[in-house]
Amino acid sequence: MSEYPHIKIQQEDFDLTTEVAALRAGHKDIGAVVSFVGTVRDINEGDEVSILELEHYPGMTEKALEKIRLEAHERWALESSLIIHRIGKMYPTDQIVLVAVSSRHRENAFYASHFIMDYLKTNAPFWKKETLPNGDERWVDARITDKEAENRWIK
Amino acid sequence: MSEYPHIKIQQEDFDLTTEVAALRAGHKDIGAVVSFVGTVRDINEGDEVSILELEHYPGMTEKALEKIRLEAHERWALESSLIIHRIGKMYPTDQIVLVAVSSRHRENAFYASHFIMDYLKTNAPFWKKETLPNGDERWVDARITDKEAENRWIK
Amino acid sequence: MINVLYFASFREMLGKADEQIKAEHSTVGALIESLSTRGENWQKALLENQNLQIAVNHDVAQRDTMIKAGDEIAFFPPVTGG
Amino acid sequence: MINVLYFASFREMLGKADEQIKAEHSTVGALIESLSTRGENWQKALLENQNLQIAVNHDVAQRDTMIKAGDEIAFFPPVTGG
């Protein structure tokens with residue numbers, strides 16, 4: 001088992017049913033499971049996108065995601081949680097990221113999964129590079145709206 | 001195709017991966033998918049629960065769910081949405097309900113799925129009956145907290 | 001005729017799931033008054049129940065909702081799905 | 001020695017992913033000053049960049065964060081995952 005069993009950084013795709021089953025295993029008192037899947041859009045900033053490449057900072061990524069995950073568990077009563085983030089080359093409609101959270105009651109799972117995604121966006125060391133149909137490559141710029149989304153959760 | 005293709009009332013279980021794939025089919029501009037799965041807890045009101053039986057009002061259920069679903073589409077920019085609710089006998093850890101929503105950006109999918117669940121809880125004609133280990137049966141009472149959760153969304 | 005349905009605990013308490021009744025009541029309230037003369041369990045479930053839920057033709061209704069021949073009227077307790 | 005890493009657009013702009021540097025700088029700020037003498041692209045990426053992100057030993061750091069031999073210092077642009 002890795003140091004962070006609830007965090008996975010991987011090139012390969014993931015299966016939602018399988019991952020949610022793993023999230024729920026051993027927890028009988030779950031009443032709610034919220035899963036967020038982020039996918040590659042074929043358009044960004046008005047341009048068609050052919051390839052999306054995800055780079056990360058090995059070591060820091062796991063540590064940053066685990067910190068976010070544990071903060072979610074401190075803020076809301078959760079049964080279990082899981083973060084999977086893919087790296088490498090992906091294509092339109094591919095799955096990029098999964099955040100799945102289980103709890104007894106639905107409100108905690110909704111808030112916690114939203115919180116984890118908002119913090120992941122601004123605190124986990126991943127970077128996206130797009131390739132356009134003409135072969136041009138460009139790094140995706142950070143969005144101000146993502147920083148605003150994070151700030152909403154400040155207590 | 002049924003009158004409400006995005007609403008399913010069924011006895012059989014559902015597969016999350018399959019349903020989310022159907023939700024996404026034909027929509028290339030999706031960036032976010034939020035899925036809520038409600039499951040049978042083995043404890044309610046402090047008592048162990050052996051069986052949970054779901055009764056519904058055929059006809060009105062579909063109409064009520066479709067109304068909630070369309071209101072979510074009016075309030076948030078969504079690509080697609082799906083509601084599946086099981087009826088009949090279920091057992092602890094079984095899946096009861098799925099609400100899945102897709103959108104370009106994550107915030108809309110998080111809010112819309114949460115809204116649909118909160119409204120479903122108080123507006124869709126389903127009733128739960130629990131069987132305890134000693135064979136006693138009891139109808140589940142409506143929760144005041146569910147009404148409060150609904151009221152949060154009043155504009 | 002109107003079609004009257006009873007769900008969940010109401011079905012069990014009143015001992016029936018549905019019935020056909022002559023459409024001689026102008027409103028849901030009048031129908032409730034009439035049904036409540038059948039006995040104490042009817043009176044408790046319908047007339048005196050603050051949490052009574054009503055639907056007419058699959059839409060949420062109130063005691064002053066009008067009814068006419070061919071309508072489907074349903075009585076049930078607060079919903080608890082999801 | 002300290003280990004210095006560059007990610008994403010920084011790696012491309014500076015032409016390297018990582019390097020070993022003598023640990024003679026007391027703070028991240030001092031290291032940035034030193035690296036920026038290498039040329040205009042270094043100056044722009046590190047010294048003059050309002051959006052510069054810094055990590056020391058996998059934790060978010062600032063210009064006044066202390067560094068010592070054996071540390072891993074990383075420079076990168078704002079993150080864009082998820």
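Keep in mind that this is a model prediction, so the values were computed, not measured. Lettering follows sequence order; numbering is per chain, from 1. No hydrogens, no waters, no symmetry mates; every other heavy atom, side chains included, goes into these values.
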Contact summary for D141(A) and T80(D), nearest pair of heavy atoms: C-CG2, 3.7 Å
Minimum heavy-atom distance F7(D)-E55(A), with the two atoms named: CD2-OE2, 3.4 Å
Heavy atoms from other residues, nucleotides or ligands near CD of E40(D) exceed 12 (cutoff 6.0 Å): no
Per-residue contact mode, N51(D) against chain A (heavy atom under 4.5 angstrom): neither
Top contributor to chain D interface from F126(A), F36(A), Y57(A) [non-hydrogen pairs under 4.5 Å]: Y57(A)
Top contributor to chain D contacts, counting heavy-atom pairs under 4.5 Å, from P125(A), G38(A), G59(A): G59(A)
Under 4.5 Å from any heavy atom of chain D - which part of K63(A): side chain
Region of N123(A) in contact with chain D, defined by heavy-atom distances below 4.5 Å: backbone
Under 3.5 Å donor-acceptor, W127(A) side chain and S9(D) backbone: no
Donor-acceptor pair, side chain of K128(A) and main chain of G82(D), under 3.5 angstrom: yes
Nearest heavy atoms of V79(D) and A142(A), plus distance in Å: O-CB, 4.0 Å
Within 6.0 Å of NZ in K67(A), more than 12 heavy atoms from elsewhere: no
Close side-chain approach of F76(D) and M60(A), heavy atoms under 4.5 Å: yes
Chain A contact via Q53(D) - side chain, backbone, both or neither, heavy atoms under 4.5 Å: neither
